[in-house]
Number of protein chains: 2
Amino acid sequence: MRDFSRSLPMSLLRAREAVMRQFRPSLREHGLTEQQWRILRALAAIETVEVTELARTAFLLGPSLSRILRDLEARNLIERKTAKADQRRSMVSISKEGVKLMASVAPTSEAIYAEITRRFGARKLAELQEMLGALEQSLAELGASEEASAEE
Amino acid sequence: MRDFSRSLPMSLLRAREAVMRQFRPSLREHGLTEQQWRILRALAAIETVEVTELARTAFLLGPSLSRILRDLEARNLIERKTAKADQRRSMVSISKEGVKLMASVAPTSEAIYAEITRRFGARKLAELQEMLGALEQSLAELGASEEASAEE
DNA sequence: CGCATTCACTTAACATGTTAAGTATCTCCC
DNA sequence: GGGAGATACTTAACATGTTAAGTGAATGCG
């Protein structure tokens, strides 16, 4: 079997960890985890979203999101209200405090991203992202077909 | 701020998830998690290792590894004995049962990897891995220098 | 020697990942 | 209009990620 340190999942894991290692200290100083930051960023770009849509955007599973929203709400960083038309749906939005917190984190975060881009090269970075997207595409189809055949 | 769905950490996370989604069902059938599988694979390649070295190889943090080794040992998939020369060190090796289990998982795992390679393209896959390695390199230095300056 | 420091792990505590089950609401069709 | 099924979450349970603290064994040095 191929040396597992060179397997694709390991390469991806290590690369991601190398990147996140840069961001974590700054986020930590602001009392945010990586996932909480993802949620705030996702919310900053829109007015309000349903939880399910937010889960898709922030790439979190429902249960994780549910817990994190509970905590963020307790910290007054987000707001929730149930949709009028459909009582099952809960509409989430970022609060003023949330916006303020984001504003205090964003500069450092942007600086780190810029440094990463500088070191790795903007062009290479774009290429890498494109390849990652293509990989995701290739496998999306595969996953879908498997589900279909296993769904009986 | 850049659309966060196109941030590097998100791209890496999604790509990795797309890949792992292919493997998880098979591992699950054999009662293994992704990390347990990583450990067995790492152990299969060598006689015995110290826990610290194994953590480095399987890319797991000490505490995670500690727990998983406890469980794998309870299932008789690995063996442990403390080193003679240094009582702090614990030498880990895969057991016969562990080897047997690996043999039963490996074919499916290899088939999935082959299918991924076929879909994405062997050459592109190699390129991608190279870029991921380069990214890791770029940031390794950065992380190291930060540590050095913060170590006082 | 003896004791402070370092080292190799392990435990603890809290947050998330992952799957399954639960709850309330809505939809649709008879 | 009412009940079966679908939908949108939430809760639960267990495993791992992450940081900090704990434990026992080695090391170095006065």
Side-chain angles (χ1 to χ4, degrees), chain A residues 9 13-14 16-29 31-39 48-56 58-75 78 80-92 147 150-151, chain B residues 9 13-14 16-29 31-39 48-56 58-75 78 80-92 147 150-151:
Chain A
L13 179 58
R14 283 158 49 157
R16 184 172 145 79
E17 178 53 29
V19 173
M20 285 316 301
R21 200 195 312 280
Q22 313 302 320
F23 288 100
R24 259 190 283 266
S26 160
L27 291 178
R28 187 176 174 70
E29 277 179 22
L32 287 175
T33 65
E34 179 195 334
Q35 291 80 0
Q36 291 167 345
W37 176 238
R38 283 222 299 274
I39 291 173
T48 71
V49 248
E50 305 170 19
V51 173
T52 301
E53 171 68 6
L54 181 57
R56 217 177 47 72
F59 209 69
L60 292 168
L61 294 179
S64 294
L65 183 54
S66 218
R67 277 179 306 215
I68 301 174
L69 288 180
R70 168 169 46 73
D71 300 347
L72 291 179
E73 191 174 22
R75 287 167 65 184
I78 65 158
R80 260 197 289 199
K81 49 185 171 183
T82 59
K84 300 178 194 81
D86 187 339
Q87 303 282 52
R88 292 170 307 180
R89 289 175 157 77
S90 157
M91 305 303 293
V92 185
E147 274 176 40
E151 230 157 32
Chain B
L13 179 58
R14 284 157 48 155
R16 183 172 145 79
E17 178 53 30
V19 173
M20 286 316 300
R21 200 195 310 282
Q22 313 303 321
F23 288 100
R24 259 190 283 267
S26 160
L27 291 177
R28 188 175 173 71
E29 278 179 23
L32 287 175
T33 65
E34 180 194 333
Q35 292 81 357
Q36 292 168 346
W37 177 237
R38 284 221 298 275
I39 292 173
T48 71
V49 247
E50 305 170 17
V51 172
T52 300
E53 170 70 6
L54 181 56
R56 217 177 47 72
F59 208 70
L60 292 168
L61 293 179
S64 294
L65 184 53
S66 220
R67 278 179 306 216
I68 301 174
L69 288 180
R70 167 168 47 73
D71 299 348
L72 290 179
E73 191 173 22
R75 286 167 66 184
I78 65 159
R80 259 196 289 200
K81 49 185 172 185
T82 59
K84 301 177 194 78
D86 186 339
Q87 301 282 50
R88 293 171 304 181
R89 289 178 157 77
S90 155
M91 306 303 293
V92 185
E147 273 177 41
E151 231 158 33

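Order of the sequence lines sets the chain letters (A, B, ...), proteins ahead of strands, with each chain counted from 1. The shown structure was predicted, so the numbers you read here are calculated from the model rather than taken from an experiment. Every heavy atom of this structure was used, including side-chain atoms; hydrogens, water molecules and symmetry mates were not.
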Legend entry - Straight-line distance of B/Arg24 CZ to B/Leu27 CG, nearest 0.5 Å: 9.0 Å
Inset, instruction - Specify the separation, in whole Å, of atom CZ of B/Arg56 and atom P of C/dC9. - result: 13 Å
Legend entry - OP1 or OP2 of C/dT10 under 4.0 Å from side-chain N/O of B/Arg80: yes
Inset, instruction - Using whole Å, report how far CG of A/Leu69 lies from P of D/dC9. - result: 10 Å
Legend entry - Non-hydrogen atoms of B/Asp86 and B/Arg89 that approach each other most closely: OD2-NH1, 2.5 Å
Inset, instruction - Mind listing the closest non-hydrogen atom pair of A/Ala18 and A/Gln22 along with its distance? - result: O-NE2, 3.1 Å
Inset, instruction - Report yes if a donor N or O on one partner sits less than 3.5 Å from an acceptor N or O on the other, where the partners are the side chain of A/Arg24 and the base of D/dG17; otherwise report no. - result: no
Inset, instruction - Would you kindly compare A/Val51 and B/Ala85 by the position of their nearest DNA chain D nucleotide and give the one closer to the 5′ end? - result: A/Val51
Legend entry - Residue among B/Ile39, B/Leu72, B/Thr48, B/Leu69 satisfying side chain to side chain contact (heavy atoms under 4.5 Å, CB included) with B/Val92: B/Leu69
Inset, instruction - Report which part of the nucleic acid A/Arg67 touches: base, sugar-phosphate, or nothing (heavy-atom distance under 4.0 Å, all strands). - result: base
Inset, instruction - Please report, rounded to the nearest Å, how far the P atom of D/dT10 is from the CG atom of A/Leu72. - result: 13 Å
Inset, instruction - Report yes if a side-chain nitrogen or oxygen of A/Arg28 is closer than 4.0 Å to either non-bridging phosphate oxygen (OP1 or OP2) of D/dA20; otherwise report no. - result: yes
Inset, instruction - Could you tell me the separation between the CG atom of A/Leu13 and the P atom of D/dT18, rounded to a whole number of Å? - result: 9 Å
Inset, instruction - Hey, which sits more toward the 5' end of DNA chain C by its nearest nucleotide, A/Gln87 or A/Gly62? - result: A/Gly62
Inset, instruction - Taking only the side-chain nitrogens and oxygens of A/Gln35, find out if one of them lies under 4.0 Å from OP1 or OP2 of D/dG17. - result: no
Inset, instruction - Classify the nucleic acid contact of A/Glu53 as base, sugar-phosphate or nothing, counting any heavy atom under 4.0 Å across all strands shown. - result: nothing
Inset, instruction - Record whether the side chain of B/Arg88 comes under 3.5 Å of the base of C/dC7 through a donor-acceptor pair of N or O atoms. - result: yes
Inset, instruction - Consider the side chain of A/Asp86, meaning its heavy atoms from C-beta on, and name the nucleotide among D/dT19, C/dA20, C/dT25 that approaches it most closely. - result: C/dT25
Legend entry - Candidate nucleotides C/dG17, D/dT19, C/dC9, ranked by approach to the side chain of A/Arg38 - the nearest: C/dG17
Inset, instruction - Measure from CE on A/Met20 to P on D/dT19 and round the result to the nearest Å. - result: 11 Å
Inset, instruction - Quickly work out the B/Glu17 CD to D/dG17 P distance and round it to whole Å. - result: 14 Å
Inset, instruction - Can you figure out which of C/dC26, D/dT10, D/dT19 approaches the side chain of A/Ser66 most closely? - result: D/dT10
Legend entry - Sugar-phosphate only, base, or nothing, as touched by A/Ser64 at under 4.0 Å among non-hydrogen atoms: base
Legend entry - Carboxylate-amine/guanidinium contact B/Glu53 B/Arg56, below 4.0 Å: yes
Inset, instruction - Using a heavy-atom cut-off of under 4.0 Å over every strand shown, decide if A/Leu65 touches base, sugar-phosphate, or nothing. - result: nothing
Inset, instruction - Could you check how far CG of A/Leu27 sits from P of D/dT18, rounded to whole Å? - result: 13 Å
Legend entry - B/Met91/B/Glu50 under side chain to side chain contact (heavy atoms under 4.5 Å, CB included): CA gap, chis, key distance, verdict: CA-CA 5 Å; B/Met91 306 303 293; B/Glu50 305 170 17; 3.7 Å; yes
Inset, instruction - Identify which nucleotide among D/dA8, C/dA20, D/dT18 has an atom closest to any side-chain atom of A/Thr52, counting heavy atoms from C-beta outward. - result: D/dA8
Inset, instruction - Ignoring backbone atoms, test whether B/Thr33 places a side-chain nitrogen or oxygen under 4.0 Å from the OP1 or OP2 oxygen of D/dT16. - result: yes
Inset, instruction - Starting from C1' on C/dC9, measure out to NZ on B/Lys81 and report it in whole angstrom. - result: 19 Å
Legend entry - Out of D/dT18, C/dT16, C/dC9, whichever nucleotide has its closest atom nearest the side chain of B/Leu61: D/dT18
